[in-house]
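All chains are named by letter (A, B, ...) in the order of the sequence lines, taking the proteins before the strands, and each is independently numbered beginning at 1. Since the structure is predicted, the reported quantities are computational estimates derived from the model, not experimental observations.
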2 protein chains.
Amino acid sequence: MARPKDESKIDAIYEATLRLVLETGFNGLKMADVAREAKLATGTLYIYFKNKEVLINELYYHLKKSKVTQMMSVYEPSDSFQVAFKKLWLNYFTISLNEPERMKFIEQFTHTSYLTKKTKQQGDLLLKPLEDFLADGIKQGVIKKLPVALVLSQLMGPIIEIVKLHYDGSLKITPALKEELFAMAWASIRK
Amino acid sequence: MARPKDESKIDAIYEATLRLVLETGFNGLKMADVAREAKLATGTLYIYFKNKEVLINELYYHLKKSKVTQMMSVYEPSDSFQVAFKKLWLNYFTISLNEPERMKFIEQFTHTSYLTKKTKQQGDLLLKPLEDFLADGIKQGVIKKLPVALVLSQLMGPIIEIVKLHYDGSLKITPALKEELFAMAWASIRK
DNA sequence: TTATTAGATGAATATTTATTCATTTATATT
DNA sequence: AATATAAATGAATAAATATTCATCTAATAA
C-alpha cells in the first residue's frame, strides 16, 4: 500500500552505467553522473542499488546473461556439431559487433577484483551450456582434445580483439570477411 | 652544479605503478600508494613525472617497447617465413606467460582514453617491424590475404585470453600444450 | 672548503565524490 | 476522500586524494 518501484528505472540506470563505465572504468565512474545520465536524483540510485559495487556486479551479471541467452538462442540440438557450431559462432560474432559496449564491459570486468566471487561464479555458470556443447564436440572427435576453457579462449580471443578494432573504427567487417574469420576459427580448433 | 636525478627511481616508480594499476585501474591508482611502494615521498614522484596521466603514458610506452623489443630479438631475416613465425610466436607466448603483468597493463590501456593520441601512435609504431613481417608472409602467399591488423588480432587474441587463464591459476601450460597452441595459431592464418 | 643549486620531503591545500537523510511527492488501500 | 507508506529528491556530510610548496638535504663545481 504505497508507491511502487518503477522497474524501468533499473534499465535506465544500467544503460547509463554501461556507457559511463566504458569511458572511465569502475573508479572513474561517478554516481552523480550515472544519476544525471539516467535522469534521476543521486539518492534514487541508492533505492535501486545498495552502492556502486553492487550496481557494477548486478550489471555485469545482467549483461552476461543477456548476451549468453541471445547467443544460445540459435542453438538447435538436432543440428550436427558443425552446423550448430557455425550458427553459434556467427551469431556470437554478429551480436558482439552490434553491441560492442556490452562485450567490452563484460570483458573489462571478468578478470578484475571489482567482481565478487559470487558474481564471477554465477557468470561462469551461464557458460555451462556452451561448455557442454564444446565438450561434446571433443567427445565426438570433431574438435581437438583440449581443456574446454582453452578452446573457449581460442575462440573468444580473436573476436574480442576484432570487435575492438571495429569499435575504434579501424576495420570494416564485410560479410565475406565474416565468413573468412569463421573459417579461421574453425581451422584452429578442428581435429 | 647540483644534486643529480637518481634514474633508478624511475624504475622503482614504474614497478610500483605497474603492480598497483593492475589492482585498481587508472582512477583507482593512488599517487601516495605509488610513492610508498617505490619508497619515495609523494612530492618526489612529481619531480620525475609531471602528473598521474603522464606517468601512465610513459609507463605504457616503456612496457610496450620492452615487450616488442624482447619479442623481435629472436627474429633472423635469413630464416624462412615459417621458421621465423614459429620462433616469434613461441617467444611472444613465453614472454607473455612469464610477465603477465606487463601484458595485462598494455592490454588494459590500449583501447582506452587514458592514453594520449601521441602515446597510442608511438605505441603502434613499435609494431611496424612485426606488421612488415606479416605483410611479407601475405605477399609470399604463405598466409591468408587479410588486413594485417586482423591477422594480428587473430594471433594476439587467444594469447591474451590464455595468459589471463594462466594468471588466474585456472590453467597450467605444459610444453606439449604450447606446441598445440602454436599449431592452432598457425592453422588459423595459413593459406 | 664553501657556495650554489636542484633533488627530496611530507604536511597542507584544494578538490572531488560516495553516501546519507530530512523533506517532499505519488500511489495504493481503506 | 483520507491515510499510510514507500519512492524520489538533492543538499549536506564525511571521506578520500591529486598536487603544491615551504623547508631541508646532498652533490657539484669553483
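- For the pair D33(B) CG and dT17(D) C1', the interatomic distance rounds to 10 Å; values are reported in whole Å.
- Minimum interatomic distance between L177(A) and K172(A) (heavy atoms only, all atoms of both residues): CD2-O, 3.6 Å.
- With dA18(D), dT9(D), dA11(D) as the candidates, the nucleotide lying closest to the side chain of K30(B) is dA18(D).
- What separates NZ of K50(B) from P of dT19(D) is a distance of 8 Å, to the nearest Å.
- Two residues, D6(A) and L29(B), neighbour DNA chain D, and the one matched to the more 5' nucleotide by heavy-atom proximity is D6(A).
- The aromatic rings of F109(A) and F105(A) sit tilted relative to each other, their planes meeting at an angle between 30° and 60°.
- The aromatic rings of F85(B) and W186(B) lie tilted to each other, with the angle between the two planes from 30° to 60°.
- Between dA8(D) and Y48(A), a contact under 4.0 Å exists linking OP1 or OP2 to a side-chain N or O.
- Relative to the ring axis of F26(A), K52(A) places its NZ or CZ within 45° and under 6.0 Å from the centre.
- Residue I47(A) contributes atom CD1, which lies 17 Å from atom P of dT5(D) at whole-angstrom precision.
- For E76(B), the salt bridge (charged side-chain N to carboxylate O under 4.0 Å, His left out) criterion is met by K87(B), not counting sequence neighbours.
- The residue L55(A) sits apart from the nucleic acid: no heavy atom pair falls under 4.0 Å.
- Nearest heavy atom pair, residue L134(B) against residue I143(B), reads O-CD1, 3.7 Å.
- At least one side-chain nitrogen or oxygen of T44(B) sits closer than 4.0 Å to the OP1 or OP2 atom of dT9(C).
- When each of T42(B) and P4(B) is assigned the nucleotide of DNA chain C with its nearest heavy atom, P4(B) is the one assigned upstream, toward the 5' end.
- One interatomic measurement links the two molecules: NZ of K5(A) to C1' of dA6(D), which rounds to 10 Å at whole-angstrom precision.
- The stretch residues 8-28 of chain B has no heavy atom under 4.0 Å from DNA chain D, so no residue of it qualifies as close.
- Between the P atom of dA18(D) and the NZ atom of K52(B) lies a distance of 5 Å, rounded to the nearest Å.
- Taking only side-chain atoms of L40(B), from C-beta outward, the nucleotide of dT9(C), dT19(C), dT28(D) with the closest atom is dT9(C).
- Atom OH in Y46(B) sits roughly 15 Å away from atom P in dT9(C) (whole-Å rounding).
- dG10(D) atom P lies 16 Å from atom CE of M31(A), rounded to whole Å.
- Residue Y61(B) is tested with L126(B), L115(B), I106(B) for a side chain to side chain contact (heavy atoms under 4.5 Å, CB included); the sole match is L126(B).
- Distance K39(B) NZ to dG10(C) P: 14 Å, rounded to the nearest Å.
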